[in-house]
Amino acid sequence: LRSQMLIDKSFVKAQIDPRLYGSFIEHLGRAVYGGIYEPDHPTADANGFRQDAIEAIRALQVPIIRYPGGNFVSGYNWEDGVGPKKDRKRLLELAWWTTETNEVGTNEFADWAKLVGSEVMMAVNLGTRGIDDARNLIEYCNHPSGSYYSDLRISHGYKEPHRFKTWCLGNEMDGPWQIGTKTAVEYGRLANETAKVMRWVDPTIELVACGSSSSGMSTFADWEATVLDLSYDNVDYLSLHAYYNNNNNDTSNFLATSLNLDQFISSVAAICDYVKAKKRSKKKLMLSLDEWNVWHTVGTSRAEERWQIAPPEFEDVYTHEDALAVGCFLITLLKHADRVKMACMAQLINVIAPITTETGGPLWLQTTYYPFLHASIYGRGTVLHTVNSSPKYDSKDYTDVPYLESICVYDEEQGHITVFAVNRHLSEAMELDLDFRSFGEVSLIEHIVLEHEDLKAVNTKANPQHVRPHHGGLSVLDNGHVKSSLTKASWNVIRLQ
Ligand code: AHR
């Protein structure tokens, strides 16, 4: 199996927005309670935050984290989560049929986000609420002082405004499962008016309108066109959500689902440009893939017993092949870095997440932690257009799937070049020729590999390091070329300077 990449440093495709490596924490399952917040845990700090989780998340260098939902936000009254904890209400939470204790709310989350070095991507409730609460919330969060809500924040111990910059206008408002689901016209009008008014409170913010919940929705494409027709001038991003799984146990097909993601992104960009043309607008709308991941337990309904507090939900255990799929998704995001400016791996801890904790017990890293870690750390700078050649295969749903999925990122400031590459072949190694023609002399820093004999291998509490990367990848320099051997079904990070 032979493949090639021609890499030229002057062929710059896009500057990578660091927010491509964002993530998501929702009041769902054990993400907040038992995940980031567990006051009785041996590692908890004075505010109840698990420090083992802080450490694992900080290491990922996640620039932005979406909060508080997700479906949760569509029934959330933010006022219930601020002020003295002793006064906070326990409420029935209708998105997931649990009891919400409100011990963690906007201010606690802002404190926690600082500890992990992330910005907050806030979402407003456009399910049960609307313009009025959105303007109050932004006044509470971002206005310095001298008004009712900003002074309320100060009275809660937060003298400095949070200055949250990025705001989602609701969540998946096209979905019938959503509290307060809407038609495209209803939502488009509401998103537009809410955006307008929020910007009057704080003109520095950026706003994300809801696209479809997935490309599989029957209203997909019409939804985007209608919503943007009604809100184009007042929003900055359109959201996309995409989850994949291998529930049919067809790994070759599963690893090709990044082609679906690629097509989805291209289609949404085209719809944005259609509306731009229609409106004769100068503004180019950017995309926010603010939920993406492998999700095996998707569609399983809420916890059987209603109104539990933080019951375990969607605790997917990720396999080696899931890590390869995540690697392919990350490469796909990078290929679209000219258009996708924000993306959130959904989610970050315990709920469809790369990090798992046991309540009262240890934390361990899932297989999918590693490609995300590598992309986040080394995938900064610019994406280069490369000319790739690779043998291809057909799978159940996709044709011409290249065995090589790859991208090159150049960090000019550091002088670092990184090639991310997945060998999709399940039984053969691939010889990859990297031609660095324009870079002059390059030297190899390392070749990191995530590989495993067993595609279904997972990390567990008992064996937390069963699947983890090593630094012994086979790459050699050869006259301006790097010759790499990519083992079967592997994720590779080849770093040069
Ligand atoms: O990430 C889990 C859920 O998936 C979110 O709450 C919702 O937006 C999506 O359907």
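Read the numbers this way: they start at 1 and go in the same order the structure lists the ligands and their atoms.
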Would you call the rings of Y21 and F372 parallel, tilted or perpendicular if under 30° counts as parallel and over 60° as perpendicular? perpendicular
Is the shortest distance from a heavy atom of [X] to ligand 1 less than 4.0 Å?
X: Y243; value: yes
X: W292; value: no
X: F24; value: yes

What are the atoms of ligand 1, with element, lying closer than 4.0 Å to any heavy atom of [X]?
X: N171; value: 7 (C), 8 (O)
X: W96; value: 6 (O)
X: G70; value: 5 (C), 6 (O), 8 (O)

Geometric cation-pi criterion K283 and Y232, 6.0 Å radius, 45° cone: yes
Looking at E79 and R129, is any side-chain nitrogen of the basic one under 4.0 Å from a carboxylate oxygen of the acidic one? yes
With a 6.0 Å cut-off on ring centres, are Y67 and H27 close enough? yes
For this output row, return yes or no: ring centroids of F314 and W295 closer than 6.0 angstrom. yes
Just need the protein heavy atom nearest to [atom], so name the residue and atom and give the distance.
atom: atom 7 (C) of ligand 1; value: N71 OD1, 3.2 Å
atom: atom 8 (O) of ligand 1; value: E291 OE2, 2.7 Å
atom: atom 6 (O) of ligand 1; value: E26 OE1, 2.6 Å

Under a 3.5 Å cutoff, is there a donor and acceptor pairing between the side chains of S231 and N192? no
Without hydrogens or angle criteria, can the side chains of H156 and Y140 be said to hold a donor-acceptor pair below 3.5 Å? yes
Do you know which of I54, L60, V62 makes side chain to side chain contact (heavy atoms under 4.5 Å, CB included) with V116? I54
Using heavy-atom distances only, which candidate in Q347, E313, Q178, E172 approaches atom 10 (O) of ligand 1 most closely? E172
I352 contact mode with ligand 1 (heavy-atom cut-off under 4.0 Å): side chain
